[in-house]
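Right, one structure below, let's go through it.
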Amino acid sequence: MSFTTTIQFAAIESLEELYGRQFSEKDFQVNETKVEFEGDYTVVLFSLLKPLKESPENLGKKLGDLLIKKHANLFSNYNIIKGFLNLSLSDDSLLNLLKENYNDVCFGKNPLNHKKVMVEYSSPNTNKPLHLGHLRNIFIGWSVSEILKANGNEVYKSSIVNDRGIHICKSMIAWQEFANNATPQSTNTKGDHFVGNYYVKFNDEYKKEVKEIVDEGKPEAEAEKEAPIMKKTQQMLLDWENGKPEVIELWNKMNGWVYKGFDETYKRLGTDFDQTFYESKTYILGKEFVKKGLEDGSFYKKEDGSAWIDLSDVGLDEKLLLRGDGTSVYITQDIGLVKQKFEEYQLDESIYVIGDEQIYHMKVLKEICRKLGMPFADKIFHLSYGMVELTTGKMKSREGTVVDADELIDEMVETSKKHTEELGKVKDFTKEELKQLYEILGLGAMKFYLLRVDPKKRMVFNPEESIDFHGFTGPFIQYTYARIKSILRKVGGPIGSMVNGQWSINKLLPLERQLIIFLEKYSNVISQAAEELNPSVIANYVFHLAKTFNSFYVEHSVTNAESEEKKLLRLQISMMTATVIKSAMQLLGIKVPERM
RNA sequence: GGCCCCGUAGCUCAGUGGAUAGAGCAACAGCCUUCUAAGCUGUGGGUCACACGUUCGAAUCGUGUCGGGGUCACCA
């Protein structure tokens, strides 16, 4: 049980003894004591004054005295300022905590709760490479999954690949028309970029054709429909749906190139999925489902044969489920996938990491499920995150202002190389070790930069700031870890044999106390991050921890401590800090180096 | 226009009912013969968009106003 909870319960118990009244956790707060006051935790008395008809001084004194009497091992003393009862934890309670946990790699994680959760993220289109927006999505999805695991859930990571539709046919047509059978291999291009280039090529060509037709005097709307390349593309989509062998073959070939490219990027990012769904399969499930719904009267048809559901009673609108020609729309495949997910995995919750521009869409999906009496409708959760903007405004693929994921990774890794070489601390590393270190640092900087902000909020990507390795950054925390490891290497040998000695330290120094108390909070931090589905909670915590350790580090020597006992104490504090840093960074998907 | 989100230091962000609102970056001033200076210490910087209300207490809750964004497709 955490200190906060322990104190809360102790106070409830003492209040009952003093006043014969039952209070709950909601009736008063236990907070951390502000640094400018003496004490570690504070019981806020204001809300208790009226029900108990007491003055702050009296209540504080009575409660403080009793708490200390009953929990002599936990508290050392207290003070009252206004309505705040500030309690100081005893050295013993802190030392015990340290002794029991300093070497526990699982510290802070919660036991299994047998809840099954699926987290869907990344969900790319197979017509262009991943960009900065995907990176935020992927990092959030992966991190939230790990956080949920740490909180005791059984988590499945999944991805839905948008591998069909008119946009996919566009790159296929462009390749057919202009590539002369070129391949990623023949051009030495990464597969996803290779295909993406043909998607761009399509748009260029399309624009050209539209302009020609407009120049002949036709209105733009008509020209857009008539452009030959667009007509070919629409025909290709029909051929695809009808399973025309050449088209399917081309589709398989080009998607294969893209997947190979994605896999490379995913691997480099250290991300993975337990299950990949394909829209080319789920849209069929969705269609069948709509057909059934039409038969049993859940949905209705309009004159042109299109299928609809009426959601106007829940403040939404009539929603189209299938077009008149029987082809599916965006929501169709989502309905198919929802069913499949819950039936196949028996989920307790299904989390969708999708941008906040799709809030309305996800609401519609949920309402449709609810309307159809699907039992899992309320277990759908849209983890919506804000768009990543550039300092110059929004990213727009049309204007070529999209930040490419692979390029960005390369840049970050290159920057870490530059910094490392300038500092010259790892000259004895082998080539392979250096390469690994650059990846760890570059990716660490990038992941931390994108995860340190609350997912719900829009964020601005500042290229200069993102490659900064000082302050509130991944490398700062990695550096703190490497520093600790350096101390531990210097001491050498197993610390375990030294820890069994008796403690006779009777005065923990402020920074020693601060660190132990802060380390203790880790479990609460994981719970909070899991509850809010918010990795930035972890990022802020681990930064603050590293910061505190660095102050401790310059203030107090570990290896040359005043006494053997102090040395031991500080070694344990250092070890536990390293363990928690490593663990917290792992929840963010960031590795920590032994040296840097 | 309807609905949703956001507005905190020059910039990027924490803080979501408690004490004198915090970090990082940027600026300025210090600290390496001592465990890694990717570090540490200090200084300056605020009408928490605005108004009213609820409360012993509001950046935090409510209502309204202003400003920014998203969305309301037989696009995905």
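Labels below follow one simple rule: chain letters A, B, ... track the order of the sequence lines, proteins then strands, and each chain is numbered from 1.
The aromatic ring centres of A:Tyr449 and A:Phe461 sit less than 6.0 Å apart. Taking the six-membered ring for Trp and the full ring otherwise, A:Phe381 and A:Tyr352 have centroids separated by 6.0 Å or more. Ring pair A:His419/A:Phe469: centre-to-centre distance below 6.0 Å. Between A:Phe46 and A:Phe28, a ring centre-to-centre spacing not shorter than 6.0 Å is recorded. Two rings, from A:His544 and A:Phe518, have their centers less than 6.0 Å apart. No close placement of the A:Tyr479 and A:Phe476 rings is indicated, their centers lying 6.0 Å or farther apart.
Comparing B:G15 with B:A19, their C1' atoms are spaced 15 Å from each other, to the whole Å. Only the P atoms considered, B:G62 is 14 Å distant from B:G7, to the nearest whole Å. For the C1' atoms, the distance linking B:U63 with B:U54 amounts to 11 Å, nearest Å. Spacing between B:A23 and B:A9 at atom P, rounded to whole Å, works out to 15 Å. For the C1' atom pair drawn from B:A73 and B:G68, the interatomic distance equals 25 Å after rounding to whole Å. B:C28 sits 12 Å from B:G45 when the C1' atoms are compared, rounded to a whole Å. For the C1' atoms, the distance linking B:U16 with B:C48 amounts to 12 Å, nearest Å. Nucleotides B:G46 and B:U8 have their P atoms positioned 15 Å apart, rounded to a whole Å.
Taking atom CG of A:Leu488 as the reference point, atom C1' of B:U36 lies 13 Å away to the nearest angstrom. Remark: C1' of B:A37 and CD of A:Glu422 are 14 Å apart, rounded to the nearest angstrom. Across the protein-nucleic acid pair, A:His544 atom NE2 and B:G24 atom P stand 11 Å apart, rounded to whole Å. Distance NZ (A:Lys302) to C1' (B:C74): 10 Å, rounded to an integer number of Å. Atom OH of A:Tyr283 is separated from atom C1' of B:A76 by 15 Å (rounded to the nearest Å). Separating the CZ atom of A:Phe469 from the P atom of B:G24 is a distance of 19 Å, rounded to the nearest angstrom.
Environment of CD in A:Glu464: sparse, with no more than 12 heavy atoms of neighbouring residues, nucleotides or ligands closer than 6.0 Å. Annotation: A:Lys435, atom NZ; neighbour count of heavy atoms from other residues, nucleotides and ligands within 6.0 Å does not exceed 12.
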Mind listing the N/O atom pairs, protein and nucleotides 67-70 of chain B, below 3.5 Å?
| from | atom 1 | to | atom 2 | distance (Å) |
| --- | --- | --- | --- | --- |
| B:G70 | OP1 | A:Lys394 | NZ | 2.8 |

Can you give me the N/O atom pairs linking the protein to nucleotides 56-59 of chain B at distances under 3.5 Å, or say none if there are none?
| from | atom 1 | to | atom 2 | distance (Å) |
| --- | --- | --- | --- | --- |
| B:C56 | OP1 | A:Lys50 | NZ | 3.3 |

Short N/O separations, protein against nucleotides 26-35 of chain B, under 3.5 angstrom:
| from | atom 1 | to | atom 2 | distance (Å) |
| --- | --- | --- | --- | --- |
| B:C35 | O2 | A:Val558 | N | 3.2 |
| B:C35 | O2 | A:Thr559 | N | 3.0 |
| B:C35 | O2 | A:Thr559 | OG1 | 3.1 |
| B:C35 | N3 | A:Val558 | N | 3.0 |
| B:C35 | N4 | A:Tyr553 | O | 2.1 |
| B:C35 | N4 | A:His556 | O | 2.7 |

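Residue contacts for A:Asn162: at a heavy-atom cut-off of 4.0 Å it reaches no nucleic acid atom on any strand shown. Across all strands shown, A:Asn86 has heavy atoms under 4.0 Å from base atoms, whether or not it also approaches the sugar-phosphate. Counting non-hydrogen atoms under 4.0 angstrom, A:Val460 reaches the backbone sugars and phosphates but no base. Heavy atoms of A:Thr420 sit under 4.0 angstrom from at least one base atom. Among the atoms of the strands shown, base atoms are found under 4.0 Å from some heavy atom of A:Tyr479. If you check every strand for non-hydrogen atoms under 4.0 Å, A:Phe476 touches sugar and phosphate atoms only. The residue A:Phe37 sits close to a base: some heavy atom pair falls under 4.0 Å. Within 4.0 Å (heavy atoms only), A:Met459 reaches sugar-phosphate atoms of the nucleic acid but no base atom.
Where A:Thr42 and A:Asp454 meet RNA chain B, the nucleotide closest to each residue was compared, and A:Asp454 sits on the side nearer the 5' end. Take the nearest nucleotide of RNA chain B for A:Leu441 and for A:Arg452: the residue whose nucleotide is more 5' is A:Arg452.
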CA sep, side-chain torsions, deciding dist, call: A:Leu45, A:Phe84, side chain to side chain contact (heavy atoms under 4.5 Å, CB included): CA-CA 6 Å; A:Leu45 304 173; A:Phe84 300 98; over 6 Å; no
Test salt bridge (Lys or Arg N to Asp or Glu O under 4.0 Å) applied to A:Glu32 and A:Lys521, step by step: CA-CA 11 Å; A:Glu32 298 153 47; A:Lys521 292 183 204 295; 3.6 Å; yes
Intermediate values then yes/no, side chain to side chain contact (heavy atoms under 4.5 Å, CB included), A:Lys490 and A:Ile487: CA-CA 5 Å; A:Lys490 194 165 182 190; A:Ile487 297 174; 5.6 Å; no
Worked check of side chain to side chain contact (heavy atoms under 4.5 Å, CB included) between A:Leu568 and A:Glu565: CA-CA 5 Å; A:Leu568 221 133; A:Glu565 280 175 333; 5.5 Å; no
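Residues satisfying the ring-ring contact (aromatic ring centres under 6.0 Å, His included) criterion with A:Phe202, sequence neighbours excluded, are A:Tyr206.
A:Asn127 contributes no side-chain N or O that forms a donor-acceptor pair with the base of B:A76 under 3.5 Å.
Across all strands shown, B:U33 forms no Watson-Crick or G-U wobble pair with both key distances under 3.5 Å. Under the Watson-Crick and G-U wobble criteria, each requiring two contacts below 3.5 Å, nucleotide B:C61 is paired to B:G53. Pairing of B:G17, defined by two Watson-Crick or G-U wobble distances under 3.5 Å, is not identified with any nucleotide. With a 3.5 Å ceiling on both atom-pair distances, the Watson-Crick or G-U wobble partner of B:C3 is B:G70. Under the Watson-Crick or G-U wobble criterion, with both distances below 3.5 Å, B:A27 is paired with B:U43.
Annotated as anti: B:C11, whose O4'-C1'-N torsion sits more than 90° from 0.
For the OP1/OP2 pair of B:G7 and a distance below 4.0 Å, the side-chain nitrogens and oxygens of A:Lys457 include at least one atom meeting the criterion. The phosphate of B:C72 (OP1 or OP2) has no side-chain N or O of A:Lys319 nearer than 4.0 angstrom.
The aromatic ring of A:Phe84 sits over the base of B:A19, with ring centres less than 5.5 Å apart and planes inclined by under 30°.
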Anything under 3.5 Å between a donor and an acceptor, one on a side chain of residues 323-330 of chain A, the other on a protein residue two or more places apart or in another chain? List them.
| from | atom 1 | to | atom 2 | distance (Å) |
| --- | --- | --- | --- | --- |
| A:Arg323 | NH1 | A:Thr327 | OG1 | 3.0 |
| A:Arg323 | NH1 | A:Ser328 | O | 3.1 |
| A:Asp325 | OD1 | A:Thr327 | N | 3.0 |
| A:Asp325 | OD1 | A:Thr327 | OG1 | 2.7 |
| A:Tyr330 | OH | A:Gln358 | OE1 | 2.8 |

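For residues 380-390 of chain A, the pairs satisfying salt bridge (charged side-chain N to carboxylate O under 4.0 Å, His left out) are A:Glu389-A:Arg458, with sequence neighbours left out.
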